[in-house]
Structures are given as C-alpha cells and as structure tokens.
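Below is one structure, written out as structure tokens; comments come after it.
Each chain gets a letter, A, B and so on, in the order the sequences are listed, and its residues count up from 1. Bear in mind that the values here come from a model prediction, so they are computed numbers and not experimental data.
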Number of protein chains: 2
Amino acid sequence: MPSAHDSDTPPLGDRLGYVFVKAAWKVRQFYAEKLSEVGLLPNQHAILSTLNELGPCHQKALAARVVLDPGDIVAYLDALQKARYVERNRDPEDRRRQIVSITDEGRELLVAADRALDDVESAVFGAMPRERRALLAEATAAISALDSPAGCGD
Amino acid sequence: MPSAHDSDTPPLGDRLGYVFVKAAWKVRQFYAEKLSEVGLLPNQHAILSTLNELGPCHQKALAARVVLDPGDIVAYLDALQKARYVERNRDPEDRRRQIVSITDEGRELLVAADRALDDVESAVFGAMPRERRALLAEATAAISALDSPAGCGD
DNA sequence: TATTGTTATACTCTATAACTATA
DNA sequence: TATAGTTATAGAGTATAACAATA
C-alpha cells in the first residue's frame, strides 16, 4: 500500500486534539451566528460581558481579561462606542488612560445576546448526560490551565 | 449593584461553550507552534495528512475533506508543490481536473510533523486516564456531529 | 480550478501623549 | 525646570483564515 498511512502518520480524525479543535470551531460558529442576530461579533460580546462583570475598567485591563491584543481592542471599542453600547472617558487620575464602561443600552443588548447564547449552550451541551458535561468542563479547565505543554517548550 | 451581572448575564467563564472554545484555541496554538518547527501551517499539515490517508485525489475532493474553501486550497497547494511535497497532474480522464498526490519528500515531512504533533497530544491529553480520554473523544465527536443546534436554526 | 476581494482575527512595529523619576 | 525612561493608547502594516463572486 504505497500511499496508506502507517502508525507514524495517523489520520487526522484519530487525533484527539484535532477533533477537539474541530468541535470547538463548530461551537464558536454557533455562537457567532446567534450573536449576529443581535449585531454583535463574538469578541464584542466578550467585551460587553466582561465590562458588565467587572464594571468600568481601563482598556489594557479589559484587553488582558478578554485575551485580545491591546492593538486590536481599539477597533472593537470604536464600533461599540459609536453604537452607544460603551463609553470611553479619560481617567482624571492618569490622563493617558481611558476608562471604558458599559452603557444602559449596552446592558440591554447584552441581556438579549446572553439570552440568545443560552439557547446555543443548551442546544449544544444540554442534551449531554450530566457526567459527560462535567467531564468536558473538567477537561477544558485542565487544558486552559496548561502554560505550555510539557516537553513542548524546549 | 448597578454594574454587576445578574442571572441573565452570566460571566463568560461560566459558559461551558466559551471555556471549551478557549481551551481549543490554546490547543490549536500548540499545534501551530509545533508545526512551524517543520515549516508547515496547520492547514498544510491537514492537506498532507489527508493526501497520505486517501491517496491521490482531486482538489475539490481534497478541499471538501479538509474543510477548506476550494478557492483557498490553491495557494496552499502552490506552496506545497513548490517545495516538492505534493505533485499536481492533470486527470487524463477529465483534463479540467488536477490530481494531487503527496511525494516521497512530502511523506517524510509528514512523518516528522506527526512525530512533533504526538508530543503535543501527549502533553495536552496524555495526563488523562485512558477512559477519560475516550469519553472526551466521544463528547467532542457528538458536538461535531451536530448539524445545527436544535432550537437554533429558527 | 483559479483569481479577486472582503471580513475576522492575530501579531508586530511605530507614533503620540502623558506620566514618573531624577539631575 | 529639563531630561530620560515608561506606560496607555492609537494607527499602519502584515499574515492566517474563512467566505463570496466571478472568470
């Protein structure tokens, strides 16, 4: 079998990491589709949700929390600010900084967005047996906690 | 509490889908970093691996299998062909089509790439007990099998 | 098939302004 | 004060990736 794979080259479907990433990509698409119904990108929802959770905060802290490049958050905030979902105000204590806060309109939109996302979550994960869902949560938490795979950062 | 979230707007970290996607993104970055050591992009590895698994096939079939837009696979194949990792030959039975096949050099590179990915896989998932890994594979497969979340495509 | 263009995302580099510390 | 160094933000530019329209 000249072109068949051997044990050194497993099919992509046999790689747990590959199917894991593929499944997550699908979930993300479901999120994105749902969020587009309320006119939000996933990252914009993450920003609104984080602002609502933390309260007003500096752009840098916000970028760190939502794991966005500080150079990229500007455009997201520009769009959200233009639509009046967030406000930016100079910090009077350090005028280099902007304090970003969610507006009442932003909070309204966030509620609608989260309601929509609840549908996705329950559709994707709600059908699973409880133990399977718990396992998935555990496994993802363990992976998120990895700094860099051991034997990978050499 | 004017800015605190209520039950309608859970923190992002409480959404299983969100942490799932975030963990998978991390895994994908590990893959990408490792693959860059052998000079491959993730999609290029997927192409080589698929060609090795399926044998020579048409670009369209290849694109469908690796879930790439037929209009995007061209550039990946151009690069792989230039580096002699794949060959493109006109199908004698339908000279509009190209038959793509992996070369011996391509297969060598694939072996090296897969060996590198094995390191990532074992670092990320190797710590899990075998049964748990199997369950995780099941859970992700179930998600991948979803067409569109029920109650989502209305 | 291939080309072209658009969008989303991610990263890098540079510029500007404002702060801090020190001579 | 003046100067140097740092920080927060902004903007330009590049790269991967997914997708749409058309040749």
Check the distance between D/dA10's C1' and A/Gln98's CD and give it to me in whole angstrom.
10 Å
Mark yes or no for whether A/Lys34, through its side chain, and A/Leu117, through its backbone, hold a donor-acceptor pair below 3.5 Å.
no
Of all the nucleotides listed (D/dA18, C/dT9, C/dA2), which has the minimum atom distance to the side chain of B/Asn43?
D/dA18
Check: A/Gly17 main-chain N/O paired with B/Glu121 side-chain donor or acceptor under 3.5 Å:
yes
Reckon A/Gln44 touches a base, only the sugar-phosphate, or nothing at all at heavy-atom distances under 4.0 Å?
nothing
Rounded distance (Å) that lies between atom P of D/dA10 and atom NE2 of A/His58:
13 Å
Does B/Arg90 CZ have over 12 foreign heavy atoms under 6.0 Å away?
yes
Separation of atom CZ in A/Arg97 from atom C1' in C/dT16, rounded to whole Å
18 Å
Taking all heavy atoms of B/Ile143 and all of A/Ala23, pick out the closest pair and write down the distance.
CG2-O, 3.8 Å
Residues in side chain to side chain contact (heavy atoms under 4.5 Å, CB included) contact with B/Leu109, at least two apart in sequence or another chain:
B/Val38, B/Leu40, B/Leu48, B/Tyr85
Joint hydrophobic cluster, A/Leu146 plus A/Leu135, side-chain heavy atoms closer than 4.5 Å:
no
Winner on side-chain proximity to A/Arg88, out of D/dA10, C/dC11, C/dA10, is D/dA10
DNA chain C contacts made by residues 60-83 of chain B, counting heavy atoms under 4.0 Å:
B/Gly71, B/Val74
Side chain proximity check, B/Leu110 to B/His45, heavy atoms < 4.5 angstrom
yes
Please list, pair by pair, any protein nitrogen or oxygen found under 3.5 Å from a nitrogen or oxygen in nucleotides 19-22 of chain C.
{"unit_1": "C/dC19", "atom_1": "OP1", "unit_2": "A/Arg95", "atom_2": "N", "d": "2.7"}

note: B/Ile47, atom CD1; D/dT16, atom C1'; distance rounded to Å ~ 13 Å
What integer distance in Å separates A/Ile99:CD1 from D/dT9:C1'?
14 Å
Thinking salt bridges, do A/Asp118 and B/Arg15 make one under a 4.0 Å N-O criterion?
yes
Group every Ile, Leu, Val, Met, Phe, Trp and Tyr by side-chain heavy-atom contacts under 4.5 Å, then state whether B/Met128 and B/Phe20 land in the same group.
yes
Taking atom P of D/dA17 as reference, at what distance in whole Å does atom CZ of A/Arg28 sit?
15 Å
Between CD of B/Gln29 and P of D/dT16 the distance, given in whole Å, is 15 Å
In whole angstrom, what separates B/Leu41's CG from C/dC11's P?
15 Å
